[in-house]
Asker: 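I have a structure I would like to understand better, so I am pasting it below and will then ask my questions one at a time.
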Amino acid sequence: MKTALKPQRTTGSRGQIFISDQAIAAVVRGALGEVSGIFGLSAPTHEGGVLGVLSKTGRQHSDIHISSDEGGALHVRLHLVIEYGRKLDEVARQAIEMVRKRVRSLAGVEVANIEVEIKSLHHDKKPKPAA
């Protein structure tokens, strides 16, 4: 993953914990898998090319961009493929809420900004039954 993220650091009673951008990306991917209407993620460099449905495989995370600013605040950029027929703004809002909630609860890190770009729509092309 190409990010400018420094590992997130939290301080516990007996030491420090470092959370990598790959771990945060995995949390983001899991959160997106819980949002109804998201078909998958699309890499920003592959116009219209879908990387596939959300899964827990060890793929590269070029479809999720995570960065942090000088103060350590996280910024997440997502390139989504939405199922055709869904309300795009509602799915995007749910994605933002779920990502923010899951990163906060599972990684203990606050997300300052989440940017969603809807790259394309997935249209299920099932053949119509013959009459």
Side-chain angles (χ1 to χ4, degrees):
M1 178 190 300
K2 296 179 182 178
T3 67
L5 179 66
K6 296 175 186 171
Q8 292 298 303
R9 180 175 59 177
T10 60
T11 304
S13 61
R14 296 184 180 208
Q16 296 179 337
I17 301 168
F18 294 91
I19 303 172
S20 71
D21 58 345
Q22 290 86 0
I24 292 173
V27 170
V28 170
R29 186 179 301 283
L32 293 174
E34 296 180 37
V35 177
S36 179
I38 296 178
F39 175 75
L41 294 157
S42 177
T45 56
H46 300 121
E47 287 298 322
V50 179
L51 292 176
V53 295
L54 298 167
S55 65
K56 296 181 181 181
T57 61
R59 289 195 323 250
Q60 294 295 321
H61 299 289
S62 62
D63 47 356
I64 300 171
H65 180 82
I66 301 171
S67 61
S68 61
D69 58 24
E70 293 289 326
L74 283 183
H75 302 275
V76 178
R77 187 170 52 238
L78 307 169
H79 301 272
L80 300 180
V81 179
I82 306 295
E83 294 173 356
Y84 181 80
R86 301 292 186 132
K87 290 188 175 186
L88 304 179
D89 62 329
E90 288 180 13
V91 174
R93 248 185 253 117
Q94 290 174 5
I96 290 168
E97 290 173 18
M98 186 62 74
V99 167
R100 190 178 308 279
K101 177 182 172 183
R102 290 290 181 244
V103 170
R104 184 184 315 122
S105 67
L106 296 178
V109 178
E110 293 295 327
V111 180
N113 182 47
I114 301 172
E115 180 181 321
V116 173
E117 181 177 338
I118 299 172
K119 296 294 277 185
S120 64
L121 302 177
H122 173 70
H123 197 306
D124 192 10
K125 298 179 183 178
K126 292 181 181 177
K128 294 182 180 179

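Keep in mind that the numbers below use all heavy atoms, side chains included, and drop hydrogens, waters and symmetry copies. Keep in mind the model is a prediction, meaning the values are calculated, not measured.
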Asker: Is the shortest side-chain heavy-atom distance between Ile114 and Leu74 below 4.5 Å?
Answerer: no
Asker: Can you list the steps and then say if Glu83 with His123 is a side-chain contact (heavy atoms from CB on, under 4.5 Å)?
Answerer: CA-CA 6 Å; Glu83 294 173 356; His123 197 306; over 6 Å; no
Asker: Taking only residues two or more places apart in sequence or in another chain, which ones pass ring-ring contact (aromatic ring centres under 6.0 Å, His included) with His75?
Answerer: none
Asker: Run the numbers on Val99 and Leu78 for side-chain contact (heavy atoms from CB on, under 4.5 Å), then give the verdict.
Answerer: CA-CA 10 Å; Val99 167; Leu78 307 169; 4.3 Å; yes
Asker: Testing the basics here: between Ile64 and Ala25, what is the closest heavy-atom pair and its distance to 0.1 Å?
Answerer: CD1-O, 3.7 Å
Asker: For Leu32 and Ala95, which heavy atoms make the closest approach, and how far apart are they?
Answerer: CD2-CB, 3.8 Å
Asker: Quick one: do the Arg77 and Ser67 side chains pair a donor with an acceptor below 3.5 Å?
Answerer: no
Asker: Between OG of Ser36 and CD1 of Ile82, what distance do you get to the nearest 0.5 Å?
Answerer: 10.0 Å
Asker: Does the side chain of Ile24 reach to within under 4.5 Å of the side chain of Ile19, using non-hydrogen atoms?
Answerer: yes
Asker: For a 4.5 angstrom cut-off between non-hydrogen side-chain atoms, does Met98 reach Arg102?
Answerer: yes
Asker: List for me each residue that meets side chain to side chain donor-acceptor pair (under 3.5 Å) alongside Asp89, sequence neighbours excluded, and say none if there are none.
Answerer: Arg93
Asker: Show your working on side-chain contact (heavy atoms from CB on, under 4.5 Å) between Val109 and Val27 and close with a plain yes or no.
Answerer: CA-CA 11 Å; Val109 178; Val27 170; over 6 Å; no
Asker: Can you tell if the side chain of Val76 reaches within under 4.5 Å of the side chain of Asn113, non-hydrogen atoms only?
Answerer: no
Asker: As an exercise, state the distance from CG of Asp63 to CG of Leu80, rounded to the nearest 0.5 Å.
Answerer: 9.5 Å
Asker: Quick one: are Arg29 and Leu41 in side-chain contact, heavy atoms under 4.5 Å?
Answerer: yes
Asker: Quick one: does Arg86's side chain get under 4.5 Å of Val91's, heavy atoms only?
Answerer: yes
Asker: State which residues pass side chain to side chain donor-acceptor pair (under 3.5 Å) with Arg100; sequence neighbours excluded, sorted by chain then number.
Answerer: none
Asker: side-chain contact (heavy atoms from CB on, under 4.5 Å), that's the test. Do Gln94 and Val35 meet it? Break it down for me.
Answerer: CA-CA 7 Å; Gln94 290 174 5; Val35 177; 3.9 Å; yes
Asker: Please find the pair of heavy atoms, one from Asp21 and one from Ile66, that lie closest to each other, and give the distance.
Answerer: O-CD1, 3.8 Å
